[in-house]
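Quick note: residue numbers are just sequence positions, from 1. Every value quoted in this text rests on a predicted model; they were computed, and no experiment measured them. Just so you know, ligand 1 is whichever comes first in the structure, and atom 1 is the first atom listed for that ligand.
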Amino acid sequence: MKMLQTIAEVRQQVRAWKQAGESVALVPTMGNLHEGHLRLVDEARGNSDRVVATVFVNPAQFGPGEDYESYPRTLDADRELLSARGTDLLFAPPVEEMYPRPNRAWVDVEELDRHLCGASRPGHFRGVCTVVSKLFLIVEPDSAFFGEKDYQQLAILRRMTEDLCFPVEIHGVATAREPDGLAMSSRNRYLTDSERSLAPELYRHLQLARQAIIDGERDYASLAREMEKGLKNLGFTPDYFSVVEAASLAPAGPEDRELLVAAAARLGATRLIDNIGVTIVRSP
Ligand code: PAF
């Protein structure tokens with residue numbers, strides 16, 4: 001596996017592959033890779049001739065007081081993992097390569113960023129969309145792979161790709177979970193031992209809410225309040241627990257059929273997010 005750090009070198013390499021008629025898949029990451037990221041690489045590998053992974057901790061998507069400085073940077077280990085899973089090229093640019101001067105051009109997807117994580121992380125999705133647009137323009141991939149754990153990010157990037165006519169096919173990949181249900185995340189390693197044993201409760205509460213909906217609960221606001229209360233009693237500080245319509249991400253109503261139950265909550269210093277889909281089947 002080749003590792004490159006400049007935009008010019010990446011363009012040159014990808015153009016050579018394209019001239020040879022090869023398809024290129026992109027797996028953007030912020031590094032500190034775990035099995036969840038590697039499954040994105042596996043999917044990309046199965047779908048394309050060439051796989052380009054990126055490791056870049058994007059300062060533009062962190063707000064003041066968030067963990068940009070302390071975000072784990074483990075490039076040597078990431079490089080080995082990516083190589084072992086068949087990545088062809090790792091693009092790991094320094095910050096000055098991606099942002100050589102204060103950035104004045106931004107990519108924003110309206111409305112979809114108002115809900116869920118967007119409500120409490122102003123500017124976060126603008127930072128994500130901007131860096132992913134840059135990566136699309138640098139790598140010019142045929143396809144790109146993102147995890148469904150960050151469902152809102154995936155929905156926003158799909159919309160951005162359609163609205164801006166990027167010729168990139170977006171693939172969502174199912175959330176990778178630990179055996180106890182906890183969604184894999186680079187931030188899980190911030191958890192203390194006692195927080196780690198409590199952490200799967202987030203997913204359990206999402207499953208409880210899903211089951212309640214399947215059993216006929218339609219007062220989504222009170223269901224969400226009940227689940228938030230349960231999490232608080234266990235020691236979480238919930239940011240939100242919401243039942244939303246899966247396409248618009250707006251609060252779900254009783255007529256909606258494709259729902260997403262999504263939650264974000266802090267356990268000590270760690271912010272965990274997770275979600276689960278629910279389809280309401282109309283009774284005949
Ligand atoms: O999901 C992530 O790790 C990041 O938000 C992404 C898509 C790599 C953009 O920095």
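Aromatic ring orientation, Y99 versus F56: tilted (interplanar angle from 30° to 60°).
Each of T6, V14, V55, T54 was checked for a side-chain contact (heavy atoms from CB on, under 4.5 Å) with F91, and the lone residue meeting it is T54. Under the side-chain contact (heavy atoms from CB on, under 4.5 Å) test applied with S83, the options M3, K2, M1 reduce to a single match, M1.
Counting only heavy atoms of the protein, atom 3 (O) of ligand 1 lies nearest to M30 CG, 3.6 Å. Looking only at protein heavy atoms, the nearest one to atom 9 (C) of ligand 1 is Q61 OE1, 3.3 Å.
At a heavy-atom cutoff of 4.0 Å, ligand 1 is contacted by the backbone of T29 but not by its side chain.
Taking every heavy atom of P28 and a limit of under 4.0 angstrom, the matching atoms of ligand 1 come to 8 (C). Applying the 4.0 Å criterion to heavy atoms of Q153 picks out, from ligand 1, the atoms 1 (O), 2 (C), 4 (C), 5 (O), 7 (C). Atoms of ligand 1 lying under 4.0 Å from at least one heavy atom of V131, given by number and element, are 9 (C), 10 (O).
When only modelled atom types and interatomic distance are considered, Q211 and D215 share a side-chain donor-acceptor pair under 3.5 Å.
In this structure, the side chains of I273 and C117 come closer than 4.5 Å at one or more pairs of heavy atoms.
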